[in-house]
Trainee: 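Just passing along the structure, written as structure tokens.
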Amino acid sequence: MSNRRNFIKKTSIGVAGTFLSSKVSSSNFSKKNQNSMTGLPIIISTWKHGYAANEKAYELIKNGKRAIDAVEQGVKVTEADPDCTSVGYGGWPDRDGNVTLDACIMDHTGNCGSVSFLKNIKHPISVARKVMDNTPHVMLSGQGAFEFAIKNGFHKEDLLTDKAKKRWKEWLRDSKYQPIINVENHDTIGLLAIDKNGDISGACTTSGLAWKMHGRVGDSPIIGAGMFVDNEIGGCCATGVGEAVMKTLGSFLIVELMRQGATPQEACEEGVSRIVKNQNYKDMQIGYLAINKKGEHGAYAVHKGFDYALHQNGTNKMIDAQAFVK
Ligand code: ASP
């Protein structure tokens with residue numbers, strides 16, 4: 001038995017070794033750590049709307065609530081905001097005028113839940129939480145997810161605001177599908193938090209890329225792509241063109257790189273480098289946020305313009321992420 005255990009241990013070290021690309025190897029991990037401020041609890045989230053979400057999450061954590069509750073309640077603030085046109089209520093629709101939502105949530109025990117292609121429910125993150133807590137599954141999709149939500153006390157709502165409808169009608173004139181860097185027809189909220197017990201959780205919720213094909217699902221509800229946490233290591237969340245994130249399973253990759261010794265910053269940079277290596281990144285934005293269990297954080301994007309909110313040592317602030325394209 002012990003031989004078998006040794007073999008497994010050796011094999012996984014071997015795999016980890018080959019996993020590292022030439023740009024980031026174990027020897028240069030830990031040399032660079034631009035975001036080495038520590039301090040728990042920590043809350044981090046994507047884009048400007050993350051600021052208010054962090055405030056809410058911190059209120060819960062300060063009062064002794066668990067990270068899983070904080071991340072859910074935090075991103076609900078964004079989901080409910082009609083002025084946020086890339087998440088929940090008020091999100092820009094697909095090319096046929098449907099607001100379809102994706103979300104996932106994961107706790108410190110590795111439990112997770114998600115919903116994809118969900119219509120008419122304002123808080124997909126809470127449906128994802130119910131999938132996690134009350135079903136033997138990880139993901140429910142489309143009509144099944146909707147019926148599950150209704151059975152669990154959620155209400156059917158029209159999520160297409162007048163503002164979003166007007167914008168969609170304007171878009172229809174040219175019907176040109178082209179995600180625009182940063183201003184975008186997207187901007188998911190991903191939020192990670194470590195609570196007073198030192199436990200990590202994450203949440204990610206979006207209306208996805210505006211003007212997407214009906215039925216399109218992005219990275220945000222995919223555990224390991226849009227978000228991933230591991231209580232031994234830390235967590236990561238993603239924003240931007242989901243197809244690029246899915247092709248590299250970005251959040252899982254970044255957490256695994258931290259497991260191998262990378263700082264959150266190094267891991268995010270490597271996550272971006274895996275994308276730019278093989279994909280046409282010129283017109284596409286992707287941003288990653290990561291934290292480790294020490295409370296260090298990292299952030300990196302393909303292009304400039306990705307900002308994030310960091311709540312640490314009692315202060316909430318916006319920070320501009322560094323980018324691959326200088
Ligand atoms: N990642 C999301 C998606 O592809 C969009 C975004 O982050 O803005 O659906």
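No hydrogens, no waters, no symmetry mates; every other heavy atom, side chains included, goes into these values. Note that ligands are numbered from 1 as they come in the structure, with each ligand's atoms numbered from 1 the same way.
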Trainee: I286 pairs by side-chain contact (heavy atoms from CB on, under 4.5 Å) with which of V276, T248, V245?
Mentor: V245
Trainee: Looking at K163 and D83, is there a salt bridge between them, counting it only when a charged N and a carboxylate O are closer than 4.0 Å?
Mentor: yes
Trainee: Would you indicate which of D219, T206, T205 comes nearest to atom 3 (C) of ligand 1 when only heavy atoms are counted?
Mentor: D219
Trainee: Under 4.0 Å from any heavy atom of D187, which atoms of ligand 1 are there?
Mentor: 6 (C), 8 (O)
Trainee: For ligand 1, find out whether one of its N or O atoms is nearer than 3.5 Å to an N or O atom of T188.
Mentor: yes
Trainee: Does the plane of the ring in F252 sit parallel, tilted or perpendicular to the ring in F228? Use 30° and 60° as the thresholds.
Mentor: perpendicular
Trainee: Give a yes/no on ligand 1: does R216 have at least one heavy atom closer than 4.0 angstrom to it?
Mentor: yes
Trainee: Is any side-chain N of the basic residue among E270 and R274 closer than 4.0 Å to the acidic one's carboxylate O?
Mentor: yes
Trainee: Suppose we screen for side chain to side chain donor-acceptor pair (under 3.5 Å). Which residues come up paired with R95, at least two apart in sequence or across chains?
Mentor: none
Trainee: Under 4.0 Å between a Lys/Arg side-chain N and an Asp/Glu carboxylate O for K62 and E59?
Mentor: no
Trainee: Applying a 4.0 Å heavy-atom criterion (strictly less than), which segment of M246 is in contact with ligand 1: side chain, backbone, both, or neither?
Mentor: neither
Trainee: Under a 4.0 Å N-O cut-off, is there an ion pair linking E243 with K247?
Mentor: no
Trainee: Which of the atoms of ligand 1 are close to L209, meaning less than 4.0 Å from one of its heavy atoms?
Mentor: 4 (O), 9 (O)
Trainee: Which option out of G240, A210, G218 puts a heavy atom nearest to atom 1 (N) of ligand 1?
Mentor: G240
Trainee: Would you mind running through ligand 1 and noting each atom that sits below 4.0 Å from a heavy atom of T239?
Mentor: 6 (C), 7 (O), 8 (O)
Trainee: If we set the cut-off at 4.0 Å for heavy atoms, which region of S220 has an atom near ligand 1: side chain, backbone, both, or neither?
Mentor: side chain
Trainee: Relative to the heavy atoms of G208, which atoms of ligand 1 are at a distance of less than 4.0 Å?
Mentor: 9 (O)
